[in-house]
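Sequence lines set the chain letters: A, B, ... in the order given, protein chains first and strands last, and positions in each chain run from 1. Because only heavy atoms are used, hydrogens play no part in the values below, and waters and symmetry mates are left out as well, while side chains stay in.
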Number of protein chains: 2
Amino acid sequence: MSSRRKVVRMATDNRTRSPRSRPARQWPSMADVATMAGVSSQTVSRVANNRQNVDSATREKVLSAMQALGYRPNTAARALVTGRFGALGVVSFDVGAHGNARTLAAIADAAREADFSVNFMGVRAQTEAAVRHAFQHLMLQSVDGIVLVESQMLDTPSLRLPPAMPVVVADGDTGHDHPHVDFDQAHGSHSVVSHLLGLGHRTVWHLAGPVDSFAARRRAEAWRRTLTDAGAPVPPLVYGDWSARSGYRAGLDLARRPEVTAVFAANDQMAMGLMRALHEAGRSVPGDVSVAGFDDVAEAAYLPTPLTTVHQDFEVVGKHCVALLLDQIEGRTDGPLRRAVEPVLVIRSSTASPRPGTSA
Amino acid sequence: MSSRRKVVRMATDNRTRSPRSRPARQWPSMADVATMAGVSSQTVSRVANNRQNVDSATREKVLSAMQALGYRPNTAARALVTGRFGALGVVSFDVGAHGNARTLAAIADAAREADFSVNFMGVRAQTEAAVRHAFQHLMLQSVDGIVLVESQMLDTPSLRLPPAMPVVVADGDTGHDHPHVDFDQAHGSHSVVSHLLGLGHRTVWHLAGPVDSFAARRRAEAWRRTLTDAGAPVPPLVYGDWSARSGYRAGLDLARRPEVTAVFAANDQMAMGLMRALHEAGRSVPGDVSVAGFDDVAEAAYLPTPLTTVHQDFEVVGKHCVALLLDQIEGRTDGPLRRAVEPVLVIRSSTASPRPGTSA
DNA sequence: GGTCGGTATGTTTACGTCAACATATTGAAG
DNA sequence: CTTCAATATGTTGACGTAAACATACCGACC
């Protein structure tokens, strides 16, 4: 008899019910604090927002009530009213890569100083879909602005960004109207190539980063221009993928050509792989071949042959990104729209004049 | 006469006014979509949340209205009601450090797959205040859970975490009741030291990471235990700070001691600096001294002497962190509370048997 | 000693969403 | 044809906060 009854009920319930569990969280609200302190919730709000028109005695009462209850303002409710989130979005490719990691860290530091948190979305594939997904998630009005650390080129010419969302592009395309922050790659490349030519090398080979990287492309372009301007022959471009492995592979090739006396690698990791290949092939650095990198990673100075490279100050980039974003968020329109950070050539032991007898 | 008038007015205004500008943002809301589609906003809500009890014709109408207006759900309003944010917090120290960057990237990847975004807070100083500030910002109920990539030890024994906030600790202290994910540092260390002892070295020196790092401490402890268990003498511990520079410094010292035939550096960067110092001092690797590292950074295989090291799979760590966090967020209590990831010894060319004549 | 300007506080309302409840419509079983 | 359950939709209210508006009080000035 009871078995029949059991079957009858229960069917109406999971019909329209959401799969989520209930909030059930019991954070104290302003109302709780207000009750405890014997004031209105608006006064609590004033104290929470540090307004000046609150009597100091009242303020004390409220503060101690907050303390006692462990009150924390509810970001969601606040954001709903103010339209501000206290968060910046960062969309970036592979953070395992040195430059991107440093940039992210710098942005996060700068953001923290401005009392913003950083909502990070990593993008693995360089497809439009992946980037769009990352943006969509951030664009759900949960950040006040987005830094796009573009670095890699996409198949699509332009992303559709919501007009009301402040955006800053770092290390990326400049063919758009968003403010952007970049290292002056051309300057960096130029200083390396000039340095090597100045040492007496007939020309400088270039081990470039992947074709789909903005930075790699700019470094390569500046390399070519510097050679051309100096009247030096332009050797064929060699491509790597930023990894030490790819530098090694390219190095095996380059080591076989006696006419190669100077190589400018587009980053330090590739320079390391390159040096290893040269070493294996019995060509000394910088005796037979001069090698220069780009980035100045922490260990560049401590390689068997300390690496001549280009130092980049990521801290400054992060600060600039956040500053430009805050300009937009807070409605300032008088700030600059482009900030370039000058990299600095650091000359160590991996570059030297070519041996008198060589190919020149 | 007019000059007097000017002074009189204006004083009431900036009294209670907030310094912020108005929202003024005009995103369409569910109500707008509802009006356009000719349904109630609740029906729009149902469509937005992909509920099943909506007529397909109605659903189409709503969807096209959303499309036309460019509607995006408002995260803040949703979060206010549901108590969920679709965001995970990550609190981490220096992201410039290889391991932390890789961990962050892996967590971000795993989070993205679960359709969560990642709210990143970098902590620079290892002071309680800095960490507390980072937590406070995240704890403002704007994330559903927090991964603390602890790595460095703090002066305070325990952080006060809100009980309702799911937390996972990665790479940190185990003296708490939060689920945690770690590499099995002891296993990694043990395999390196055993490897070196097995090659015939009388003992193995250790170039440790900073004393305030959990990982460094565990690697050092396991190093000591392995030596003790094998009956090998325990040389004095040498400390570095993870950087190639510190490895170089320590290396200058170690190179002077002829009894040093094998050194286990707590990370690859220090191993690089160390090798450079040995090289400068005319001691060959691995001929005179064997060197092993920890991390297996991308370029470890492409150093002049490819480095024997311990490979760590950060992807897996990230996946585990997110999985454990989601377990808590979604109320699953049957999952594991601790996940260890096994690192793998990678033997390359920097380790070999000692020369017959040496000190043994 | 009353008007006035200023300060401290309280009251009301709206932000956008979703859960709970209410209602209309449909179809099937008795 | 009635009864009942299931489905589709609408209505109301609440989440926690801060802006806008309202009130109470205090001191100063003429």
Side-chain angles (χ1 to χ4, degrees), chain A residues 8-34 37-59 61-62 71-85 140-142, chain B residues 8-34 37-59 61-62 71-85 140-142:
Chain A
V8 174
R9 279 290 86 216
M10 166 158 297
T12 17
D13 268 335
N14 49 9
R15 172 180 47 122
T16 53
R17 284 286 292 289
S18 150
R20 327 192 142 85
S21 57
R22 294 83 184 240
R25 186 110 31 96
Q26 241 49 305
W27 295 79
S29 74
M30 281 191 168
D32 300 320
V33 176
V39 298
S40 76
S41 67
Q42 182 56 28
T43 299
V44 178
S45 171
R46 284 190 258 258
V47 172
N49 288 25
N50 211 19
R51 297 290 164 73
Q52 291 317 302
N53 52 343
V54 178
D55 187 76
S56 59
T58 310
R59 182 185 301 273
K61 269 193 306 186
V62 171
Y71 169 78
R72 307 245 156 248
N74 181 317
T75 314
R78 177 176 285 175
L80 181 58
V81 166
T82 62
R84 303 210 28 200
F85 293 81
L140 298 181
Q141 308 163 46
S142 58
Chain B
V8 174
R9 277 289 87 212
M10 166 156 299
T12 15
D13 267 336
N14 49 9
R15 171 179 48 119
T16 52
R17 283 288 290 289
S18 151
R20 327 193 141 84
S21 58
R22 293 80 184 245
R25 187 109 34 94
Q26 240 50 303
W27 296 80
S29 74
M30 281 191 168
D32 300 320
V33 176
V39 297
S40 76
S41 66
Q42 181 57 25
T43 299
V44 178
S45 171
R46 285 190 258 259
V47 172
N49 289 19
N50 211 17
R51 296 290 164 73
Q52 291 318 301
N53 51 343
V54 179
D55 187 77
S56 58
T58 309
R59 182 185 301 274
K61 269 193 306 184
V62 171
Y71 169 78
R72 306 247 157 242
N74 181 317
T75 315
R78 177 176 284 174
L80 181 58
V81 165
T82 63
R84 302 206 34 196
F85 293 80
L140 296 182
Q141 308 162 47
S142 57

Nearest-nucleotide comparison on DNA chain C, the residue closer to the 5′ end among Val39(A) and Ala77(A): Val39(A)

Provide, to the nearest angstrom, the distance between the [atom1] atom belonging to [X] and the [atom2] atom belonging to [N].
| X | N | atom1 | atom2 | answer |
| --- | --- | --- | --- | --- |
| Arg46(B) | dA8(D) | CZ | P | 10 Å |
| Asn74(B) | dG16(D) | CG | C1' | 14 Å |
| Gln42(A) | dG16(D) | CD | P | 16 Å |
| Asn50(A) | dA8(C) | CG | P | 14 Å |
| Gln52(A) | dG6(C) | CD | P | 17 Å |
| Arg84(A) | dG16(C) | CZ | C1' | 19 Å |
| Asp55(A) | dG27(D) | CG | P | 13 Å |

Touch class at under 4.0 angstrom, heavy-atom based, for Ser29(B) against every strand present: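 Sugar-phosphate only.
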
Sugar-phosphate only, base, or nothing, as touched by Ser41(A) at under 4.0 Å among non-hydrogen atoms: nothing

From [atom1] ([X]) to [atom2] ([Y]), nearest 0.5 Å:
| X | Y | atom1 | atom2 | result |
| --- | --- | --- | --- | --- |
| Thr43(B) | Lys61(B) | OG1 | NZ | 9.0 Å |
| Arg84(A) | Thr75(A) | CZ | OG1 | 13.0 Å |
| Gln52(A) | Arg59(A) | CD | CZ | 6.0 Å |

Beyond-backbone contact of Arg46(B) with Val39(B), side-chain heavy atoms, under 4.5 angstrom: no

pair Arg78(B)-Leu80(A): side-chain heavy atoms closer than 4.5 Å: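 No, their side chains stay 4.5 Å or more apart.
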
Toward the 5' end of DNA chain D, by each residue's nearest nucleotide, Leu80(B) or Arg59(B):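 It is Arg59(B) whose nearest nucleotide is closer to the 5' end.
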
Inter-end axis angle, the helix from dG1(C)-dC30(D) to dG30(C)-dC1(D), with every axis fitted to five base pairs (rounded, 10 degrees):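 End axes: 50° apart.
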
Donor-acceptor contact present, side-chain Asp55(B) to main-chain Ala57(B), <3.5 Å: yes

Donor-acceptor pair present, Arg72(A) side chain and dG16(D) base, under 3.5 Å: no

